Asks: 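Sharing a structure with you now.
Throughout, a chain's letter reflects where its sequence line sits, starting with A, and its residues are numbered from 1. No experiment lies behind these values; they were computed from the predicted model shown.
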Amino acid sequence: MTSLPAPTSKKLGLVIDLDICVGCQACATSCKEWNTGGYSAPLSDHDPYGADPSGAWLNRVHSYEIGEGEDSRTLHFPRACMHCEEPDCVTVCPTGASYKRQEDGIVLVNPDTCIGCKLCSWACPYGAREYDHDDGVMKKCSLCVDRIYNDTLAESERIPACVRACPTGARAFGDLGDADSDVSKSVASRDGYGLLEDFGYKPVNKYLPPRPRRNSNIEAGTQASETIPAADNSATEKLFAWADRVLSR
Amino acid sequence: MLVVALALVTVGLLSSMLHLGHPERAHRAFSQWRSSWLSREGVAAILTYIPAGLMGLIWLFDWDTKSLPLLAILAALGASVTVYCTGMIYASLRTIRHWNLALVPVFYLAAAAATGTLLFLLILAIFDQVPLWVAISGVGSLFVALMIKRSYWYRIDRDKGNYTTAMALGIETEAKVRPLTPPHTMPNFVMREMGFRVGRKHATKLRRVTLACLFILPMLFVALAMTMSWAQPLYTLALISAAIGIIVERWLFFAEAEHVAMLYYGTDRA
């Protein structure tokens with residue numbers, strides 16, 4: 001049923017720290033690796049080693065430059081399904097294949113009933129759904145539903161593949177409906193936000209903004225110009241003055 | 001007339017079925033009419049077969065004809081509801097400001113009425129019995145559709161988009177945000193599905209083609225046909241011209257639509 005379920009307290013999702021993401025693509029590749037054999041299997045590729053490679057991926061990592069010249073900074077930005085509380089991608093689905101789980105809020109596509117009309121991809125403002133041309137159905141992040149409840153995995157492995165793979169700890173998984181969870185606390189302390197909240201889809205996933213830069217280039221420049229001149233013409237003072245100039249560079 | 005209508009509806013439903021990833025599962029699309037306009041469209045289209053099919057049976061077996069007007073009204077109503085649902089599939093998408101407008105389903109209805117009347121006129125002309133009022137309503141419906149399309153274009157041209165890349169990223173900055181390294185080397189599904197570079201590049205020309213083929217030329221042909229006894233070829237030309245026009249208009253409707261997700265791929269505003 002593609003009508004939305006009654007709201008529940010449990011909202012499983014991800015918190016992504018943009019301050020420490022280094023854009024290494026480990027989350028994207030581990031996602032692809034797990035999910036091409038998992039719930040959404042396969043994630044088909046076309047011409048993967050040729051001139052025009054394409055394929056279904058559930059997680060994409062962009063890098064942006066904000067500002068120009070000396071003041072510019074790089075922002076690495078992973079993008080996947082936000083498991084919204086009130087998503088249109090679910091309600092537009094004509095077959096009921098796209099649905100939101102009442103028990104934990106995960107948004108899934110049933111690969112056995114999806115007709116591949118692609119309308120859900122048009123309804124998503126985040127571009128999070130990708131069509132699998134071989135399978136003829138829509139693919140999306142399942143929050144690794146086949147890992148997080150998987151008793152056959154060690155407990156430390158029962159988290160989404162992207163979270164497990166992140167080498168900097170920029171990704172965290174948890175219940176954002178529980179105010180006492182680690183993810184909710186980090187969102188509260190860092191002013192975490194959802195993307196494009198104006199749309200009213202209430203994205204569950206949250207992003208932690210980059211922290212302000214500690215030293216701007218201008219400050220570093222002023223310090224460098226303040227060198228200590230030799231107090232007199234003695235060789236020792238000249239040596240210290242030279243050392244100061246060199247070290248100030 | 002009824003045979004042509006049923007044939008066209010069937011061709012339309014089959015073609016929309018065949019572009020699915022899994023056409024054999026199409027019947028599932030009738031289930032979610034509570035929330036999905038696409039599902040409602042399918043249900044309305046199938047329900048319209050009932051009065052239309054009954055009319056066919058009455059005509060075929062030459063039954064009592066008292067119920068014909070009622071069935072005809074029901075069929076026309078069903079067809080209108082179907083077209084309205086089609087328009088709402090697009091108008092309900094908040095992600096595309098060019099579609100998320102009340103004018104969209106209104107134009108769908110107007111265009112359906114105008115092109116349907118042109119087909120009606122040609123069929124009447126083949127049997128050599130075109131009442132003047134039908135020809136006049138043909139020109140009239142084309143004019144109404146033209147006015148709606150023009151106000152639609154005026155509306156979307158003034159709307160430059162409320163969202164920027166910085167807003168899509170949730171970063172508060174006045175500075176310029178530009179893509180540095182893309183997540184993939186070649187376009188992915190989202191970019192291919194919502195890109196439409198060729199159509200967008202030639203949007204101005206395509207609007208002219210739409211204006212001429214869908215509206216102006218058919219209006220002229222029908223107006224001329226009213227004054228002539230030799231009207232059949234003119235009605236044929238009007239219909240062919242409108243068919244070309246409506247195909248270009250469909251392409252343009254998609255090509256001019258800018259999806260919010262493209263903000264992540266270098267579009268400045270959406």
Asks: If we define contacts as heavy-atom pairs under 4.5 Å, which of A:P78, A:A28, A:C124 has the most with chain B?
Replies: A:C124
Asks: To the closest 0.5 Å, what do you measure between CG (B:L169) and CZ (A:F77)?
Replies: 5.0 Å
Asks: What part of A:D88 gets within 4.5 angstrom of chain B, counting heavy atoms only: side chain, backbone, both, or neither?
Replies: side chain
Asks: Just how far is it from atom CD of A:E68 to atom NZ of B:K176, taken to the nearest 0.5 Å?
Replies: 6.5 Å
Asks: First locate atom CZ of B:R28, then atom CG of A:N110, and finally report the distance between them rounded to the nearest 0.5 Å.
Replies: 8.0 Å
Asks: With a cut-off of 6.0 Å (strictly less than), are more than 12 heavy atoms of other residues, nucleotides or ligands near CZ of B:R155?
Replies: no
Asks: Heavy-atom distance under 4.5 Å to chain B: side chain of A:D132, backbone, both or neither?
Replies: neither
Asks: Tell me every residue that passes side-chain hydrogen bond (donor to acceptor under 3.5 Å, both in side chains) with B:Y264, counting only those two or more places apart in sequence or in another chain.
Replies: none
Asks: Of the non-hydrogen atoms in B:H259 and A:P125, which two are nearest, and what is the gap between them?
Replies: CE1-CA, 4.2 Å
Asks: Can you tell me how far apart CD1 (A:I115) and NE2 (B:H27) are? Round to the nearest 0.5 Å.
Replies: 10.0 Å
Asks: Whether the B:T181 and A:S63 side chains hold a donor-acceptor pair (N or O, under 3.5 Å, no angle test) is what I'd like checked.
Replies: yes
Asks: Tell me, side chain or backbone of A:P209 under 4.5 Å from chain B's heavy atoms, or both, or neither?
Replies: neither
Asks: Between B:V177, B:L20, B:V43, B:L93, who has the most heavy-atom pairs with chain A when the cutoff is under 4.5 Å?
Replies: B:L20
Asks: Go through the atoms of A:Y207 and report whether side chain, backbone, both or neither lie under 4.5 Å from a heavy atom of chain B.
Replies: neither
Asks: What distance separates A:D198 CG from B:R94 CZ, expressed to the nearest 0.5 Å?
Replies: 11.0 Å
Asks: Using a 3.5 Å distance criterion without hydrogens, assess whether the side chain of B:R25 forms a donor-acceptor pair with backbone atoms of A:C114.
Replies: yes
Asks: More than 12 non-hydrogen atoms from neighbouring residues, nucleotides or ligands closer than 6.0 Å to CD on A:E197, yes or no?
Replies: yes
Asks: Taking only residues two or more places apart in sequence, or in another chain, which ones meet B:W99 in a ring pair (Phe, Tyr, Trp, His ring centres under 6.0 Å)?
Replies: A:W122, B:Y90, B:F253, B:F254
Asks: Report which part of A:A51 has an atom under 4.5 Å of a heavy atom belonging to chain B: side chain, backbone, both, or neither.
Replies: backbone
Asks: Please report the closest heavy-atom contact between A:A123 and B:T95, naming both atoms and the distance.
Replies: O-CG2, 3.2 Å
Asks: Once you round to the nearest 0.5 Å, how far does CZ of A:R129 lie from CZ of B:F189?
Replies: 10.5 Å
